[in-house]
Amino acid sequence: MRRFSFDIICKFSFEMDPECLIPSFLESKLTDSFDLASKLSVQRAMSPLPLIWKLKQLLNIGSEKKLKEAIGVMDNVVMG
């Protein structure tokens, strides 16, 4: 189900086909980065104090640094 969702999101959002539904598909940097960014975004949304993640973002540390890196990988793959 995860592969299907990722495939559909890429087709509609980025107009590219990552071919996740092909049986021989291996995990890629794009899928790993997408999963990590999704997970960290959910954690951010569930944070009881937005000030904490905003401070981490400002200092570029912890989960906010990982989120920024994951988004960077996705940008490079999609735009590159």
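- For the atom pair Lys65 NZ and Lys56 NZ, the distance stands at 13.0 Å (nearest 0.5 Å).
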For Gln43 and Leu40, what are the C-alpha separation, side-chain angles and deciding distance, and is it a side chain to side chain contact (heavy atoms under 4.5 Å, CB included)?
-> CA-CA 5 Å; Gln43 288 176 354; Leu40 294 174; 3.5 Å; yes
Mind running salt bridge (Lys or Arg N to Asp or Glu O under 4.0 Å) on Glu64 and Arg44 for me, showing each step along the way?
-> CA-CA 9 Å; Glu64 290 300 314; Arg44 178 196 271 187; 2.5 Å; yes
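- No side-chain heavy atom of Lys39 sits under 4.5 Å from any side-chain heavy atom of Asp35.
- Minimum interatomic distance between Ser41 and Leu67 (heavy atoms only, all atoms of both residues): OG-CD1, 4.0 Å.
- In this structure, Leu55 is a member of the same hydrophobic cluster as Ile61, with clusters built from ILVMFWY side-chain heavy atoms closer than 4.5 Å.
- Linking ILVMFWY side-chain heavy atoms closer than 4.5 Å, directly or via other members, places Ile71 and Leu36 in a single hydrophobic cluster.
- The OG atom of Ser47 sits 10.0 Å away from atom NZ of Lys54, with the distance rounded to the nearest 0.5 Å.
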